[in-house]
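As structure tokens, the structure follows; a few thoughts come after it.
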Amino acid sequence: MLLLNLDESGRTPPYQQIFLQMKDKIELQVLRPGDKLPSTRKLAEQLGVHRSTVASAYQELWAQGYIEQRHGCRPVVRERMQMATAKDREQEGWVRWQAVTSAASVSLWKQCREMKPAVAGETGGEVIDFSSLDMDGRLFPVDHFRVCLDQALKTEGTALLGYGDRAGYMPLREYIAGHLRSHGITITAEEILITNGLQQGIDLVFRMLAAPGQAVAIESPTYNKIIPLLRFCGLKPLEVPVRHDGMDLTMLEEVLRRDKPVLVYTMPNSQNPTGISTSQTHREQLLSLCETYRVPILEDGFEEEMKYFGKAALPIKSMDKHHLVIYAGTFSKVLFPGVRIGWIAAERECIDRLLSIRYFSDTSSSMILQAGIYKFCQSGHYARHINKMRRVFRSRMQTAIKAFDEYIASDWAEWIQPSGGYLIWMKLKSPAPVRRDEWESLMLRKGVCAAWGTLFFAGETGESYIRLSISKLNEQEIETGICRLGDVLREVWNNKT
Ligand SMILES: Cc1ncc(COP(=O)(O)O)c(C=O)c1O
């Protein structure tokens, strides 16, 4: 007979006591695989409980894999695989990931490891991090957004908790279409696909075009996620140098004629990493060239809103009469990157094709977040926030420019003055060669870090360049960081001369 004791204090329900005691007996091998348990009637009589109490305990044992139950038969203890413990997880696994990983994913893996986070510096304080294009959370309009999310849920409720429209929340698409019209782009909501950030838009376009042997013309240097992603998609990057006014158009024409790329990827505003914004003329000429060769353009408008110095040129898409331009935008670089909402504006057929790729990958974007963002935009908070960001960063960039003049001698480095955005591209000079790791460790010791130039080129170029991003730093941090950078350069010059 199976000995079980029921505690009648009522703290633990009787069915659970039976379950736990049976489970212990099975785990301690008092009951072994193949052993039969008493029938529900018999055990209920023995314990003085209702049959349904025993049946519930057996149901739980079955659900957790301890017994097998067949209609009309007594339950039988089954051979059950042991659960993995925390200790097991510490052991080395049996899969050799290096052997099973596709060659294409290796460059992504390597690139990710290259992007090391900042660590504490010699100054005792935090490292001032110019490496990241993340946003300054201190400027996030959290309270307004919370109210908007709440309102959206209150008014639309369950409609926002389903998958929703595959192409995105229609009111938001309508808002974006209207907003793009204010930038000179004539577009309808049907020509807009909401994506999980602009990065997904780029990924979708690359995957739509990917075929062995095909190539994409890109700026050189370019946004650091482009080259690894192109390679992952099996597309060949064709680097076209960036001059003071954007991509070298003579070289682009040569590439278009000779290599027949399937796409030209460009960032006309505050190009990442150089911070260069192209002129209206350059944009017109780039479009004309692509029209001549009938090559589509992926226009990355990540910094469309952050043109805060001088005259703002119109997006290339605004002049696109032949649906050549796929325009990609985002809320990440002016509002919150964490909501992961971006969009693609393109010809309807192109949108449908991108939508189908997206549908088989991550289905759609979060409806609730889109609705919250829509409420935020519709109630005027977005327009006000853009104005605030322009005001704040105009002043922060002026602080950076002033600090360069004050702390960095022109012999030590050259840099490009940006016309907006968050980025400053700098060429470090030194009287004798300095290796990248030497620069980096010196910078970290002084409590400052930046994104290394090599991340933005296909080859080994870029060793003496750094990209400084002020996107998450306030004026005091910017000034202190540039002063520390000046100390690094002074030290290099003192040691190497
Ligand atoms: C040039 C460029 N495009 C796209 C993105 C991706 O933006 P999102 O956060 O919307 O995916 C970034 C992010 O830094 C970027 O620098």
Side-chain angles (χ1 to χ4, degrees), residues 108 111-112 114-115 117 129-137 140 168 172 176 179-180 192-207 216 218-230 237 242 246-247 263-278 297-307 315-317 325-345 354 358 361-362 365-366 369-370 373 382 386 389 393 418 420-425 450-453 455-457 467-473:
L108 297 188
Q111 186 92 1
C112 249
E114 279 259 297
M115 299 174 191
D129 183 3
F130 286 105
S131 71
S132 157
L133 194 36
D134 199 353
M135 303 302 292
D136 183 354
F140 289 167
L172 181 63
I176 291 170
H179 187 72
L180 288 179
I192 288 178
L193 168 68
I194 302 288
T195 53
N196 283 335
L198 200 162
Q199 190 61 35
Q200 187 182 40
I202 298 173
D203 179 55
L204 290 174
V205 174
F206 287 178
R207 284 199 285 146
V216 172
I218 57 169
E219 290 152 349
S220 178
T222 189
Y223 169 37
N224 55 340
K225 291 192 185 158
I226 295 301
I227 295 168
L229 187 60
L230 282 172
V242 171
M247 234 184 207
L263 181 79
V264 174
Y265 167 73
T266 183
M267 294 162 270
N269 310 302
S270 311
Q271 199 255 6
N272 185 357
T274 62
I276 289 173
S277 296
T278 60
I297 298 172
L298 174 54
E299 178 176 15
D300 182 330
F302 79 121
E303 294 286 27
E304 202 67 73
E305 308 302 341
M306 293 303 286
K307 302 181 255 195
I316 304 174
K317 180 76 184 155
V325 182
I326 303 169
Y327 179 92
T330 180
F331 285 104
S332 289
K333 301 301 174 192
V334 72
L335 188 54
F336 320 110
V339 290
R340 309 302 305 129
I341 296 182
W343 62 88
I344 290 181
L354 293 168
R358 195 263 162 91
S361 139
D362 72 342
S365 293
S366 151
L369 288 176
Q370 292 180 71
I373 289 283
Y382 186 50
I386 293 175
M389 291 292 280
F393 278 93
Y422 309 105
L423 303 175
I424 304 158
W425 184 237
W452 221 263
L455 292 172
F456 308 96
F457 294 90
R467 187 200 69 184
L468 301 173
S469 164
I470 61 165
S471 61
K472 63 173 193 179
L473 303 174

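Note that ligands are numbered from 1 as they come in the structure, with each ligand's atoms numbered from 1 the same way.
The proximity of Pro337 to ligand 1, defined as any non-hydrogen pair under 4.0 Å, does not occur for either the backbone or the side chain.
A donor-acceptor contact closer than 3.5 angstrom is absent between the side chains of Asp300 and Tyr223. Defined by atom type and a distance below 3.5 Å, a donor-acceptor pair is missing between the side-chain atoms of Glu219 and Thr222. Counted by atom type alone, Ser365 and Arg358 present one or more donor-acceptor pairs between their side chains at under 3.5 Å. One side chain, Asn272 or Arg467, offers a donor N or O that lies under 3.5 Å from an acceptor on the other. Using modelled atom types, one finds no donor on one side chain facing an acceptor on the other under 3.5 Å when comparing Glu304 with His179.
Heavy-atom separations between Arg340 and ligand 1 include at least one value shorter than 4.0 Å. The closest approach between a heavy atom of Gln200 and any atom of ligand 1 is not below 4.0 Å.
The N/O atoms of Asn196, backbone and side chain alike, include none that comes under 3.5 Å of an N/O atom in ligand 1.
With ligand atoms numbered from 1 in the order given, ligand 1 contributes 4 (C), 7 (O), 8 (P), 10 (O), 11 (O) to contacts under 4.0 Å with heavy atoms of Leu198. In summary, the atoms of ligand 1 found under 4.0 Å from a heavy atom of Gln199, numbered by their order in the structure, are 6 (C), 8 (P), 11 (O). Interface of Gly197 with ligand 1, defined as ligand atoms under 4.0 Å from a residue heavy atom, comprises 10 (O), 11 (O). Atoms of ligand 1 found under 4.0 Å from any heavy atom of Ser332, numbered from 1 in the order shown, are 8 (P), 9 (O), 10 (O). Ligand 1 places these atoms under 4.0 Å from at least one heavy atom of Met267: 1 (C).
The closest protein non-hydrogen atom to atom 10 (O) of ligand 1 is Thr330 OG1, 2.6 Å. The single protein non-hydrogen atom nearest to atom 5 (C) of ligand 1 is Tyr223 OH, 3.4 Å, given as residue, atom name and distance. Of the protein's non-hydrogen atoms, Lys333 NZ, 2.9 Å is the one closest to atom 14 (O) of ligand 1. Looking only at heavy atoms of the protein, atom 3 (N) of ligand 1 is closest to Asp300 OD2, 2.6 Å.
Remark: among candidates Leu423, Asn272, Asn224, the nearest residue to atom 16 (O) of ligand 1 is Asn272, based on non-hydrogen atoms.
For the pair Glu299 (side chain) and Ile316 (backbone), a donor-acceptor distance under 3.5 Å is present. Side-chain N or O atoms of Ser277 include one that pairs as donor or acceptor with a backbone N or O of Ser270 at under 3.5 Å. Not one N or O on the side chain of Tyr265 forms a donor-acceptor pair closer than 3.5 Å with the backbone of Ile226.
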Go through the steps to decide whether Met389 and Met135 satisfy the test side-chain contact (heavy atoms from CB on, under 4.5 Å), and finish with yes or no.
-> CA-CA 11 Å; Met389 291 292 280; Met135 303 302 292; 3.5 Å; yes
